[in-house]
Amino acid sequence: MPISADEVRKIAKLARLRLGEDEVALYQAQFSRILELMSELSRLEAAELPIPQAPAANVLRDDSPHPFPEPERLLALAPERAGPYYKVKKVLP
Amino acid sequence: MATAESGACVVARDVARGHISAEEVLTEHLRRIRAWEPKVKAFIRVMEGDALGAARAVDAKRGRGEKLGRLAGVPIAVKDNILVRGVETTCASRILQGHLASYDATVTQRLLAEDAVIIGKTNMDEFAMGSSTENSSCHATRNPWDTACVPGGSSGGSAAAVAAGLCALALGSDTGGSIRQPAAFCGVAGLKPSYGRVSRHGLVAYASSLDQVGPLARSVADAALALSVIAGSDPMDSTCAAQPVPDYLKELEAGVKGLRIGIPKEYFLPGLDPEVETAVRAAVEVLTGLGAEVRDISLPHTRYAVSSYYIVAPCEASSNLARFDGIRYGRHSPQARDLGEAYELARGEGFGPEVKRRIMLGTYALSSGYYEAYYATAQRARALIKADFAAAFQQVDLIATPTAPTAAFRLGEKTEDPVAMYLSDVFTIPSNMAGNASMSVPCGLTRSGLPIGLQLIADCFCENSLLRAAAAYECARPFPMLPEAPRA
């Protein structure tokens with residue numbers, strides 16, 4: 001199934017990935033090949049099959065907080081921080 | 001006395017008895033690492049200093065007369081997507097370069113509680129996405145049996161390290177065959193536990209409904225020992241089952257006699273390398289000779305496994321990998337002007353090509369208008385695959401197949417064609433989709449000297465049957481070990 005360069009750009013945008021134009025061309029070609037592989041599934045008369053409901057059992061535990069022993073270890077991983085806070089770029093452009 | 005050739009069981013026994021010190025065991029392995037590692041490059045990081053400290057601590061514990069754990073002094077390599085506190089954990093990705101793990105994965109805690117010595121972090125395909133360990137942002141790992149060939153993937157570093165004797169045991173993770181396929185390519189035993197057998201807490205998530213951590217080892221007994229240690233429920237992973245954990249080592253003694261083994265015709269089609277087919281059929285003959293009962297079976301929906309897997313896994317990946325935003329940890333782009341651009345730049349620069357490909361595939365399949373055609377259909381196919389196995393396990397205890405359609409391929413052979421690479425997992429993927437237990441054991445060498453893997457598949461939580469058959473086979477057909485140093 002062919003896919004257009006614009007579709008690749010749109011998917012990349014949804015996936016929050018900045019792509020170069022060379023990457024767009026590469027993924028466009030590869031996606032078409034991969035989607036062909038997926039078309040195997042169209043042999044399944046899918047609509048007639050119910051979506052299975054797993055015999056799920058809820059696994060619950062007490063809602064009791066366990067403080068992380070060394071929060072500084074987590075904060076130290078942040079590329080940008082201000083004291084005990086994470087620093088985030090402005091949300092609206 | 002234990003040497004670097006000995007496996008985990010022998011090392012743990014000899015260290016506990018004081019026949020050899022944990023430090024001596026470690027030194028032996030570090031010597032082998034120095035000989036092999038320049039050619040094989042199995043590790044992202046050899047933790048020589050930390051390992052020495054850990055080994056000495058084990059020896060001191062013994063000196064004080066304290067009881068040692070089941071993995072006393074056993075040098076273990078851990079795949080780089082499993083957290084070891086304070087040690088860089090990168091998943092072989094640029095986006096996590098320099099990332100120090102802030103806690104131990106449950107499996108890491110369990111190894112350490114049994115006095116294991118973690119010797120290093122092994123190379124892998126980035127975020128466990130790949131079948132050759134070529135998709136690593138660090139370097140490619142090579143197959144110790146033939147360094148022109150790949151070790152398989154994504155746990156290729158773990159498999160190569162075990163095969164070359166650079167550690168006694170290793171942990172890998174298996175989402176679509178990432179323990180079993182490299183185990184087959186490198187001539188070691190690799191076990192993917194049933195979904196829910198082993199905690200995933202502290203395993204960096206790729207596809208949460210498929211991922212499992214499991215052992216790679218040079219003997220079935222070592223794999224059984226490792227599984228006994230890492231398996232069992234965990235309050236930190238609600239998908240980890242409360243099933244009791246048997247002593248898998250004891251189970252091995254039961255042998256293969258009386259086990260019913262099914263041979264599914266869907267796994268023996270054109271495209272299967274004739275040398276692989278011959279070796280696998282010969283291995284089944286050996287099992288028959290040992291008292292197993294063999295019958296033909298059918299798993300009719302096998303043909304849908306690869307296509308449905310490459311929808312389900314990327315969909316889950318696109319969601320799981322959304323956490324890599326460059327805010328709380330990981331790579332970030334200082335030049336970004338706003339938050340959206342910060343995400344796009346960090347991720348665009350940080351992720352490698354296969355990871356981007358799978359994130360985008362998943363995003364596409366889950367996007368409005370495509371969800372029903374892709375994701376929902378794939379879930380239906382998954383249910384059919386599961387039902388196939390359920391029906392088969394009414395008639396048989398085990399299923400025997402090739403682990404991969406070929407032996408190890410050459411570096412670069414499949415890097416340009418993602419679909420060709422995806423198809424190398426055709427025989428391993430169905431077990432992940434169904435959540436059952438499966439294992440690869442070496443069953444011979446090709447004429448060019450590359451290992452071939454026999455895959456055994458058992459019903460969920462029937463790891464004991466897998467291990468019994470694998471141990472019986474291994475005893476009848478021992479597999480050679482590689483020399484101390486690579487041939488010049």
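Convention: sequence-line order gives letters A, B, ...; per-chain numbering from 1.
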Worksheet item: Any chance CD of B/Glu416 has more than 12 other-residue heavy atoms, nucleotides or ligands included, within less than 6.0 Å?
Response: no
Practice prompt. Would you mind checking which part of B/Pro353 comes under 4.5 Å of any heavy atom in chain A, side chain (CB onward), backbone (N, CA, C, O), both or neither?
Written response: both
Worksheet item: Roughly how far apart are A/Glu40 CD and B/Tyr310 OH, rounded to 0.5 Å?
Response: 15.0 Å
Worksheet item: If you count heavy-atom pairs under 4.5 Å between each of B/Gly330, B/Ser102, B/Ala365 and chain A, which one has the most?
Response: B/Ser102
Fill in: Proximity breakdown for B/Ser318 and chain A, heavy-atom pairs closer than 4.5 Å
neither
Worksheet item: Is it the side chain or the backbone of B/Arg328 that comes within 4.5 Å of chain A heavy atoms, both, or neither?
Response: both
Worksheet entry | Under 4.5 Å from a heavy atom of chain A, the part of B/Asp417 involved | side chain
Fill in: Rounded distance (nearest 0.5 Å) linking atom CG of B/Asp338 with atom NZ of A/Lys90
7.0 Å
Discussion item. Run A/Arg16 and B/Ile359 through side chain to side chain contact (heavy atoms under 4.5 Å, CB included) and show every step you take.
Written reply: CA-CA 10 Å; A/Arg16 305 266 195 200; B/Ile359 289 176; over 6 Å; no
Item to complete: Provide the closest heavy-atom pair for A/Pro79 versus B/Ile327 in the form atom of the first, atom of the second, distance.
Response: CD-O, 3.2 Å
Discussion item. Would the distance check show the side chain of A/Arg73 and the main-chain N or O of B/Tyr103 forming a donor-acceptor pair, the cut-off being under 3.5 Å?
Written reply: no
Worksheet item: Taking all atoms of both residues into account, what is the closest heavy-atom pair of B/Arg357 and A/Ile34, and its distance?
Response: CD-CD1, 4.0 Å
Practice prompt. Nearest 0.5 Å please: distance from the CG atom of A/Leu35 over to the OH atom of B/Tyr364.
Written response: 5.5 Å
Worksheet item: Given A/Leu19 and B/Met360, is the side chain to side chain contact (heavy atoms under 4.5 Å, CB included) satisfied, shown in steps?
Response: CA-CA 11 Å; A/Leu19 296 186; B/Met360 287 197 288; 3.9 Å; yes
Discussion item. Below 4.5 Å, heavy-atom pairs only: which of B/Arg303, B/Arg337, B/His99 has the largest tally toward chain A?
Written reply: B/Arg303
Practice prompt. List the atom of B/Leu361, the atom of A/Phe31, and the distance in Å for their closest heavy-atom pair.
Written response: N-CZ, 3.9 Å
Fill in: Structural part of B/Leu321 lying under 4.5 Å from a heavy atom of chain A
neither
Fill in: Among the listed options B/Ala336, B/Ala322, B/Ser367, the residue most often paired with chain A at heavy-atom distances under 4.5 Å
B/Ala336
Worksheet item: Where do B/Val419 and A/Glu36 land on the side chain to side chain contact (heavy atoms under 4.5 Å, CB included) test, with the steps shown first?
Response: CA-CA 10 Å; B/Val419 171; A/Glu36 223 170 89; over 6 Å; no
Practice prompt. Search all heavy atoms of B/Met236 against all heavy atoms of A/Arg61 and return the closest pair with its distance.
Written response: CA-NH1, 3.9 Å
Item to complete: Could you look at A/Gln30 and say if it's the side chain, the backbone, both or neither that has a heavy atom under 4.5 Å from chain B?
Response: side chain
Practice prompt. Against chain B, label A/Lys10 side chain, backbone, both or neither, depending on which of its atoms sit under 4.5 Å from a heavy atom there.
Written response: neither
Worksheet entry | Proximal component of B/Ala305, with respect to chain A [non-hydrogen, under 4.5 Å] | neither
Discussion item. To check you understand the geometry: which heavy-atom pair defines the closest contact between A/Leu44 and B/Ala381, and what is its length?
Written reply: CD1-CB, 3.6 Å
Discussion item. Before you tell me yes or no, could you show the steps for A/Arg18 and B/Glu341 under side chain to side chain contact (heavy atoms under 4.5 Å, CB included), namely the whole-Å CA-CA distance, both residues' side-chain angles and the distance that decides it to 0.1 Å?
Written reply: CA-CA 8 Å; A/Arg18 177 74 54 95; B/Glu341 200 173 72; 3.3 Å; yes
Worksheet item: Closest approach of B/Ile311 and A/Met38, non-hydrogen atoms and distance?
Response: CG1-SD, 3.6 Å
